[in-house]
2 protein chains.
Amino acid sequence: MAYKTEHITQQLRAAREAQKMSQRELSARSGLTQSHISQIERGTMEPGLGSLVDVARALDLEIVLAPKKLMPAIRNILDSASASSDVLTSDQRKLVGRLERWFAQHRGGFGSASEADTFKDSLALLRHLPLSAEEMDTFNEATARLERWQADPPSRQELSRIAHAVRHLRNAAVHRDRDDAVPRSAYALDEEDDNA
Amino acid sequence: MAYKTEHITQQLRAAREAQKMSQRELSARSGLTQSHISQIERGTMEPGLGSLVDVARALDLEIVLAPKKLMPAIRNILDSASASSDVLTSDQRKLVGRLERWFAQHRGGFGSASEADTFKDSLALLRHLPLSAEEMDTFNEATARLERWQADPPSRQELSRIAHAVRHLRNAAVHRDRDDAVPRSAYALDEEDDNA
DNA sequence: CTGACTTATATGGAATTATATATCAACTTG
DNA sequence: CAAGTTGATATATAATTCCATATAAGTCAG
């Protein structure tokens, strides 16, 4: 019964998750109930247009009616924006990459498999979430001896300390408010980097 | 009671009238009742999302959820299309067309697939967005040797230069404000009694 | 004026949504 | 482990939509 509108409600969920907003927070911002939102996102029911408008506004989205023949052009713009996930500094990217490569070879050094998995998952998130300069300092400090870990693996105790630091940074990045988030470029379209 | 969705339902009416379709015909195509459509257009009631989807499809419209930040660019596209399909000079149309045909045969010459895609997408946009006379000069200059590319493909370096020029023109066209837009033909749109 | 066509309204009942309030399982975090 | 979040569900009731069937009212052509 709700298959017609599935693609739209899916977009809502995607947008909410992209902004790392919980259903309850969206509920507070939009005026709808959390339960209501859950049902909409799951396709249990079709929202009224009024509800859609409320939710969209809470997510900073606008509802546009576009002629089908213009969709390629519009998709182009939408895509070029979502592609601007380039918020990470190159330092952060490099460090995460090195840690991931190192981990691929030394995951056995962890106390348990689940601890290793948590570590890997944290790294995966840190690949996508920006860290502040201060946090990067912490990150660097915790992994300062990374270069030598190849030959001389860290002790279990040190490894635990590192894992904790990484998870802490991950949590900070994940739970950062969208408002005081790291500044990002307004328009990806404006970027004219020639050497990309 | 329906103020929130007024702008959307007004768009529906505008689209229907632009296509010179009666409420009855839209009723037949969408599956909704004529009286239902009348109420929606007049704001007597708010349609469900399902009804909106049905009507939109009957009008050849797509419902898009767009980040507010991108609305200027999107409005630009929508406006330039609704203004008239004759905003583009025949020169621009021809040149874009030739480039697209040439590209279909020589996309392999690009450094990477993504670079080639970007080039193609930029062309797709330049098919819909008007360029000023000056920009057309730049465009022409960058592709002056197009006639000979069939027999003698451009070097990778020259190709990169061309791609950059095209992307630059695309960006300029996309982010141009509607107000200082390219001069339009005088009698493009006048038959609209929109009270928005 | 008649006839064809269009949009605006009214009414009433069936179907569905809106909303509040709880509860629950799965996870996270400290 | 204890506390707190998150998302999915379960009710139950109020509010709206949905839709069909008329009907009024306006326009336009012949």
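Just so we're on the same page: letters track the sequence lines, and every chain starts at 1. Since the model is a prediction, treat every value here as computed from it, not as a measurement.
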Donor-acceptor contacts under 3.5 Å from residues 57-64 of chain B side chains, at least two apart:
residue, atom, partner, partner atom, Å
B:Arg57, NH2, B:Asp54, OD1, 3.3

* Show your reasoning for whether side chain to side chain contact (heavy atoms under 4.5 Å, CB included) applies to A:Ser27 and A:Leu32. => CA-CA 5 Å; A:Ser27 158; A:Leu32 278 67; 5.8 Å; no
* Return the angle between end axes of the helix from C:dA14-D:dT17 to C:dG30-D:dC1, with five pairs used per end and rounding to 10°. => 30°
Name the pairs: protein N/O against N/O of nucleotides 12-14 of chain D, kept only if under 3.5 Å.
none

* To do: Name the residue closer to the 5' end of DNA chain D, choosing between B:Gly48 and B:Gln34 according to the nucleotide with the nearest heavy atom.
  => B:Gly48
* Under 4.0 angstrom between B:Ser38 side-chain N/O and C:dT7 OP1 or OP2 -> no
Between the protein and nucleotides 26-30 of chain D, which nitrogen or oxygen pairs are less than 3.5 angstrom apart?
none

* **Candidate nucleotides C:dA18, D:dT17, C:dA8, ranked by approach to the side chain of A:Ser51 - the nearest** => C:dA18
* **Nucleotide nearest B:Arg13 when distance is taken to its side chain, options C:dA8, D:dT17, D:dT9** => C:dA8
* Out of D:dG7, D:dT17, C:dT19, whichever nucleotide has its closest atom nearest the side chain of A:Arg16 -> D:dG7
* Within residues 22-33 of chain B, residues whose heavy atoms come under 4.0 Å of DNA chain C -> B:Ser22, B:Gln23, B:Arg24
Show me the protein contacts with nucleotides 10-12 of chain C, counting only N or O atoms at under 3.5 Å.
none

